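Input: a single structure, listed below in structure tokens.
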Amino acid sequence: MATDNETAQIHGWFTGRLPEEWFTGVPEIVRDREEIAVLGALPDPPGDVPEAERAALIEGLARRFREETRERRIEIAREAERKFRQKVSWGVVCGGETVMFTTLSVPVMTRLRQTERQVLDTLVAAGVARSRSDALAWCVRLVGKHTDTWLADLRDALQHVDRVRSAGPDVNS
């Protein structure tokens with residue numbers, strides 16, 4: 001788990017390193033053990049844009065940003081990867097939609113009992129997923145989508161535990 005201090009350093013570094021004109025505010029930095037995701041807000045589409053055009057407009061704005069900033073993003077990502085020893089992914093938020101450009105797909109090993117494997121096999125047989133691996137990823141996304149508040153509370157509690165631990169005595173000395 002990332003410490004608050006490490007996360008603050010990374011957030012500060014990216015805030016200072018990214019061109020101010022890229023985003024409408026301070027970028028959101030999301031970090032786990034393998035990856036640092038940089039999410040910046042683009043200006044929202046005008047409110048009078050018809051709903052039929054809105055999704056295409058957001059896609060076009062995201063694509064334009066991606067193409068126009070590619071070289072600089074690669075340069076910044078390489079610097080960050082050397083400095084923080086983690087891969088960097090990029091995305092934008094526009095009109096309430098999040099568009100990720102690059103993300104890691106990290107293999108995760110798990111042991112499942114027969115009844116759990118049957119759930120995955122049912123998803124594969126129904127065409128919801130191509131493989132057990134895809135089915136498991138689908139399940140994780142579904143749980144994440146329906147438990148955002150609970151997961152956010154759990155993450156906050158873990159950060160609190162990290163803060164309390166770091167304030168305690170050093171047991172290595």
Side-chain angles (χ1 to χ4, degrees), residues 2 4 6-81 83-84 86-108 120 122-124 126-131 133-159:
D4 287 341
E6 291 169 331
T7 301
Q9 288 176 3
I10 290 170
H11 191 273
W13 187 87
F14 274 100
T15 301
R17 183 63 179 88
L18 296 175
E20 290 179 17
E21 66 273 9
W22 277 10
F23 306 122
T24 60
V26 177
E28 179 184 2
I29 308 298
V30 181
R31 180 179 181 222
D32 67 10
R33 286 186 269 182
E34 291 85 19
E35 179 178 25
I36 300 167
V38 180
L39 294 157
L42 300 179
D44 287 337
D48 61 349
V49 172
E51 196 59 36
E53 290 181 35
R54 184 174 173 77
L57 178 58
I58 290 170
E59 180 184 344
L61 290 168
R63 180 169 287 223
R64 181 177 69 195
F65 176 85
R66 182 180 188 180
E67 291 170 4
E68 290 177 356
T69 63
R70 177 168 295 157
E71 288 183 33
R72 293 277 312 272
R73 285 186 298 107
I74 290 170
E75 174 188 325
I76 292 168
R78 285 185 178 145
E79 286 178 36
E81 288 168 4
K83 183 171 183 63
F84 301 113
Q86 287 183 276
K87 290 293 186 184
V88 175
S89 63
W90 299 90
V92 293
V93 179
C94 183
E97 300 291 324
T98 300
V99 179
M100 294 303 295
F101 305 147
T102 53
T103 58
L104 291 181
S105 183
V106 178
V108 177
L120 300 180
T122 300
L123 293 171
V124 172
V128 172
R130 294 178 308 211
S131 64
S133 177
D134 286 344
L136 186 56
W138 183 88
C139 291
V140 169
R141 285 190 300 273
L142 182 66
V143 169
K145 186 177 192 179
H146 292 289
T147 58
D148 283 342
T149 304
W150 181 81
L151 288 173
D153 290 346
L154 186 59
R155 287 184 187 110
D156 288 344
L158 289 171
Q159 287 179 345

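These numbers come from a predicted model, not from an experiment. Both backbone and side-chain heavy atoms feed into the values below; hydrogens, waters and symmetry mates do not.
A 6.0 Å sphere centred on CD of Glu51 holds no more than 12 heavy atoms belonging to other residues, nucleotides or ligands.
The shortest side-chain heavy-atom distance between Ser89 and Val30 does not fall under the 4.5 Å cut-off. You'll find the side chain of Leu57 reaches within 4.5 Å of the side chain of Pro46, heavy atoms only. Under the 4.5 Å side-chain criterion, counting only non-hydrogen atoms from C-beta, Phe14 is in contact with Ile36. Annotation: side chain of Trp138 is in contact with side chain of Leu142 (closest heavy-atom distance under 4.5 Å). Counting heavy atoms from C-beta outward, Cys139 and Leu123 have side chains that approach closer than 4.5 Å. Inter-residue side-chain proximity for Ile76 and Trp13 is flagged as met; some heavy-atom pair is nearer than 4.5 Å. Between Val92 and Leu61 the shortest side-chain heavy-atom distance does not fall below 4.5 Å.
Judged purely by atom type and a 3.5 angstrom limit, Glu28 has no side-chain atom pairing as donor or acceptor with the backbone of Ala41. Side-chain atoms of Glu34 never come within 3.5 Å of backbone atoms of Lys87 as a donor-acceptor pair (strictly under, hydrogens ignored).
Between Trp90 and Trp22, the two ring planes are perpendicular [angle over 60°; tilted spans 30° to 60°].
Sequence neighbours left out, the pairs with a member in residues 53-77 that pass salt bridge (charged side-chain N to carboxylate O under 4.0 Å, His left out) are Arg17-Glu75.
With sequence neighbours excluded, no residue forms a salt bridge (Lys or Arg N to Asp or Glu O under 4.0 Å) with Arg141.
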